[in-house]
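Every chain is numbered from 1 and lettered A, B, ... according to where its sequence line falls, protein lines coming before strand lines. Only a predicted model underlies this, so the values are computations on that prediction, with no experimental measurement involved.
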Amino acid sequence: GAVVSQHPSWVICKSGTSVKIECRSLDFQATTMFWYRQFPKQSLMLMATSNEGSKATYEQGVEKDKFLINHASLTLSTLTVTSAHPEDSSFYICSASLLAGASYTQYFGPGTRLTVL
Amino acid sequence: KQEVTQIPAALSVPEGENLVLNCSFTDSAIYNLQWFRQDPGKGLTSLLLIQSSQREQTSGRLNASLDKSSGRSTLYIAASQPGDSATYLCAGANDYKLSFGAGTTVTVRA
């Protein structure tokens, strides 16, 4: 149980285009979803936190107008990288949280490799 | 803000040797601490999760300890195998957010 999927697994796009990445919790309803970015040989950096039906909360230094997050349901969150540039090339990973009693766990998707030419 | 540090950054051992990976964190008010494995170009695989009320967790050859007072967690991998070669990340949860360390890249030589 507690499976999170991401689509696509990889994408290559031209500079200036927009790219949408989907994150789905397949077998549970997630109270909160998170988006992370990982540059080569670096750790995961939290970009934003989103709750279903409300605006995302962005971490300091993350441009909310560039990284649009929509959390339309308890099982789906999308990240749109608008007007992508080569410096946006990175590995994007989402997670979905499950609060069960006193236990809180984030379950991670397999990641999306974005390459901007 | 939670700061998580992992030492060493890289480790190479012969097959069969026990592995000890260290993780330190600055804010002891963590909700839980998780250890993950990441293979090159892949996502995260959760290995062990230790709740703040626990001192350790074990799964097979893996054992993780948590000492909140000193701000440290240690992941032990017994009798290492080449298949254990990967990057191991620890992450502390505060206010339902995870802060990750930079990871320790492990190479187990056959």
Side-chain angles (χ1 to χ4, degrees), chain A residues 1-11 21 23-24 30-51 56-62 89-115, chain B residues 1-11 21-27 29-54 57 59 64 66 86-107:
Chain A
V3 178
V4 177
S5 70
Q6 279 185 243
H7 178 80
S9 57
W10 59 270
V11 57
I21 303 170
C23 176
R24 293 181 184 270
T31 51
T32 305
M33 288 186 168
F34 302 83
W35 287 96
Y36 296 83
R37 179 168 52 184
Q38 185 180 34
F39 291 108
K41 298 189 177 182
Q42 295 186 26
S43 192
L44 277 73
M45 297 300 296
L46 179 64
M47 298 175 66
T49 304
S50 72
N51 293 292
T57 300
Y58 291 81
E59 295 299 302
Q60 190 172 8
V62 178
S89 298
S90 187
F91 193 51
Y92 292 86
I93 304 178
C94 74
S95 71
S97 68
L98 180 61
L99 182 61
S103 176
Y104 164 81
T105 304
Q106 285 189 32
Y107 296 93
F108 285 80
T112 297
R113 174 76 58 193
L114 170 63
T115 301
Chain B
K1 182 184 175 183
Q2 179 73 273
E3 300 286 342
V4 180
T5 304
Q6 290 186 249
I7 295 173
L11 187 59
L21 307 180
N22 297 301
C23 171
S24 62
F25 48 92
T26 55
D27 185 349
I30 58 172
Y31 192 79
N32 60 45
L33 187 133
Q34 277 186 270
W35 283 93
F36 297 88
R37 169 182 173 143
Q38 186 175 33
D39 292 293
K42 303 294 184 181
L44 304 180
T45 300
S46 180
L47 298 175
L48 290 168
L49 182 151
I50 313 174
Q51 300 291 350
S52 62
S53 59
Q54 299 173 322
Q57 279 287 340
S59 176
L66 175 64
T87 296
Y88 293 83
L89 299 167
C90 71
N94 294 80
D95 297 327
Y96 302 103
K97 290 184 180 181
L98 285 179
S99 298
F100 283 83
T104 294
T105 299
V106 171
T107 302

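Looking at A/Q38, the atoms closer than 4.5 Å to chain B (heavy atoms on both sides) all sit in the side chain, from C-beta outward. Residue B/L89 touches chain A through its side chain alone, counting heavy-atom pairs closer than 4.5 Å. For a residue to count as touching a neighbouring chain, one of its non-hydrogen atoms must lie under 4.5 Å from one of that chain's; by this rule A/L44 touches chain B with backbone and side chain alike. Contact annotation for A/S97: neither backbone nor side-chain heavy atoms come within less than 4.5 Å of a heavy atom of chain B. With a threshold of 4.5 angstrom between heavy atoms, A/E59 approaches chain B through side-chain atoms but not through N, CA, C or O.
Proximity to chain A at a heavy-atom threshold of 4.5 Å picks out B/N32, B/Q34, B/F36, B/Q38, B/G41, B/K42 from residues 32-42 of chain B, in numerical order.
Note that the OH atom of A/Y36 and the CG atom of B/L98 stand 4.0 Å from one another [nearest 0.5 Å]. Taken to the nearest 0.5 Å, the OG1 atom of A/T49 stands 5.0 Å off from the NZ atom of B/K97.
For the side-chain contact (heavy atoms from CB on, under 4.5 Å) test, residues two or more places apart in sequence or in another chain that qualify with A/Q42 are A/F39.
Across all non-hydrogen atoms, the minimal contact from A/S43 to B/A102 is CB-CA, 3.5 Å.
Listed options B/A9, B/G43, B/A91 were ranked by heavy-atom pairs under 4.5 angstrom with chain A; first place goes to B/G43.
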